[in-house]
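Right, one structure below, let's go through it.
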Amino acid sequence: MAGIKHANHTFGPEYQEDSRILILGSFPSVKSREADFYYGHPQNRFWKILWQIFGSPSEMKKGPEVITTAPSPENISEKKAFLKANHIALWDVIEECEIDGSSDSSIRNVIPVDIQRILKTSTIERIFVNGKTAEKYYLKYLEPICGRSAVCLPSSSPANAAWRFEALVDEWRRLLTPSLSMFDPNSKLQPAGGAFYADKDIADGYLLLPEEYKLTSIENPSEKAACHAESSDPHSVKLPQIRFHSLDQIPGIQAFFTTRLGGTSKGQCGSLNFGFSRQDQQENIMHAYTLAAEDLSTDLDHIVMTDQVHTTEIRQADTGIALGKECRPKLSGIDGLWTDKKGIALSATFADCVPVYLADPLGKRISLVHSGWKGTVGRISGKAVSILREHGTNPSDLVCVIGPSIPAKEYEVSSDVIEQFKEAFRPDEWEDIYIQTNKNHYQLDLWAAIYHTLIDAGVDAKNIHFSGISTYENADILFSHRRSHGIRGNENAFLMMDECM
């Protein structure tokens with residue numbers, strides 16, 4: 001350790017206001033510090049990997065000349081042009097440290113960078129770390145500050161000899177393409193484990209991407225199932241969105257759940273935020289709703305918002321309480337909506353709570369509810385079924401989706417919450433709904449509780465579908481209140497009947 005010296009990061013972050021992805025290294029190598037730019041070692045594969053994924057003569061221009069080869073290690077101007085053209089930002093996790101040359105394993109006495117400096121001034125959607133050392137220090141220093149999870153890329157360093165260049169390109173392309181990890185019913189701390197979910201549809205959700213987000217086509221069916229990102233479909237969308245196979249099959253139903261991708265918001269709300277109380281600019285929120293309205297083939301005069309105050313109150317939606325051209329919510333104290341009118345889009349915001357979609361394809365009625373633990377213990381989903389039934393719906397005709405939200409494995413609650421669930425649900429349902437982890441703490445399965453509520457309300461079991469998507473475990477593309485400790489924006493659920501219904 002005789003070679004350990006104090007070192008400063010000698011060059012700043014490389015980013016633009018419209019940067020969409022941020023790739024963080026650990027700390028610049030000696031060669032990078034000498035070159036005064038990122039990944040300056042000639043044997044580091046970083047630039048060649050990115051060029052294989054993003055490089056295209058039609059995309060890369062410097063003045064009148066087209067760059068046709070990957071930027072050389074010494075040509076910083078070409079590198080900067082390449083990054084700008086592809087909305088890529090670069091920085092490192094560490095601002096200062098003690099280090100022996102370029103040895104990551106020798107790093108000590110770390111001072112991290114001020115990551116908020118660029119998150120607050122750019123539309124960064126996803127954060128990546130280049131290698132395990134960068135991941136280690138990101139998790140320790142930066143995620144607690146910014147509330148954003150990062151995806152770990154296998155290191156591009158020449159020291160990472162276990163990865164061939166071709167394999168690195170394939171893995172980076174796969175990870176850089178937005179995708180979803182799906183729910184594992186057999187994971188630890190799942191109340192009923194595979195027993196409850198064994199006969200359920202637990203993979204109803206999938207990620208639909210606009211063309212600009214597709215870095216690779218998915219041709220192998222097993223690969224498609226693994227990442228749950230549709231590479232082609234009949235829908236042309238402006239926003240990345242989570243859709244549901246069960247609702248897609250109903251003619252005239254428009255239903256989706258947004259991600260954090262595709263907007264103009266910055267900081268904790270980057271880059272697509274639908275929450276009106278999340279320290280975001282009104283023009284960014286209006287932009288988000290306008291894009292969603294376009295994907296619904298409607299406008300802001302036909303989108304009605306709930307209030308998300310954890311009640312069980314449900315209201316009939318009409319254009320008189322729509323967002324309107326000023327894009328402002330009109331309701332208060334309402335956590336559910338229903339309508340029998342075509343062209344009215346029901347909407348609610350989320351960041352771990354459960355969206356529940358209800359569609360009656362025969363009676364032509366829909367409902368959308370926001371179900372946190374208070375709404376779930378108050379059986380708001382059952383109340384929605386009852387309201388639809390009062391207006392002519394047969395509950396057995398309903399198609400229901402329990403949407404993206406936090407699963408039991410990541411949802412710990414105290415004993416006083418569980419006592420309320422014991423009062424609201426039958427003893428034979430308890431083993432599906434919670435599991436005790438210590439004297440005063442439990443893992444709570446809101447999905448199972450909502451399922452039992454829907455069954456008790458008369459919904460046919462075969463018509464209840466689970467999106468299978470965890471907001472917590474997909475926090476690189478979805479907002480999660482628990483994962484970010486409240487440093488976040490909101491995604492939205494949308495449900496509408498169009499003229500084809």
Quick check: closest heavy atoms across [X] and [Y], and the distance to 0.1 Å?
X	Y	answer
His370	Ile380	O-CD1, 3.9 Å
Thr259	Leu478	CA-CD2, 3.9 Å
Ile406	Trp447	O-NE1, 3.6 Å
Val309	Ile334	CG2-N, 4.2 Å

Listed partners of Glu125 passing salt bridge (Lys or Arg N to Asp or Glu O under 4.0 Å), at least two apart: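 By the salt bridge (Lys or Arg N to Asp or Glu O under 4.0 Å) rule, Glu125 matches Arg20.
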From CA spacing to verdict: side chain to side chain donor-acceptor pair (under 3.5 Å), Asn492, Thr258: CA-CA 5 Å; Asn492 255 40; Thr258 64; 5.6 Å; no
Assert yes or no for the condition that the ring centre distance of [X] to [Y] is strictly below 6.0 Å.
X	Y	value
His391	Trp338	yes
Tyr197	Phe183	yes
His245	Tyr206	yes

task: Give a yes or no on whether a salt bridge exists between Asp428 and Arg426, defined as a side-chain N under 4.0 angstrom from a carboxylate O.
output: yes
message: Taking the basic N atoms (NZ, or NE/NH1/NH2) and the acidic carboxylate oxygens, is any pair closer than 4.0 Å for Asp301 and Lys325?
response: yes
query: Any chance the side chains of Asp432 and His452 put a donor and an acceptor closer than 3.5 Å?
result: yes
message: Regarding Asn438 and His441, do their side chains bring together a donor and an acceptor under 3.5 Å, going by distance alone?
response: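 The criterion, which ignores hydrogens and geometry beyond distance, is satisfied for His441 and Asn438.
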I want to check a possible cation-pi pair here: [X] against [Y], using under 6.0 Å from ring centre and within 45° of the ring axis as the test.
X	Y	result
Lys200	Phe196	yes
Arg482	Tyr472	no
Arg260	Phe274	no

- prompt: Do any pairs count as a salt bridge (Lys or Arg N to Asp or Glu O under 4.0 Å) and have a residue in residues 361-370, sequence neighbours left out, and if so which ones?
  reply: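 Listed once each, the pairs are Asp360-Arg365.
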- request: Hey, could you give me each pair passing salt bridge (Lys or Arg N to Asp or Glu O under 4.0 Å) that has a residue in residues 398-411? Not counting sequence neighbours.
  value: Lys409-Glu473
message: Are the side chains of Phe128 and Ile21 in contact, using a 4.5 Å heavy-atom criterion?
response: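 Yes - at least one pair of side-chain heavy atoms lies under 4.5 Å apart.
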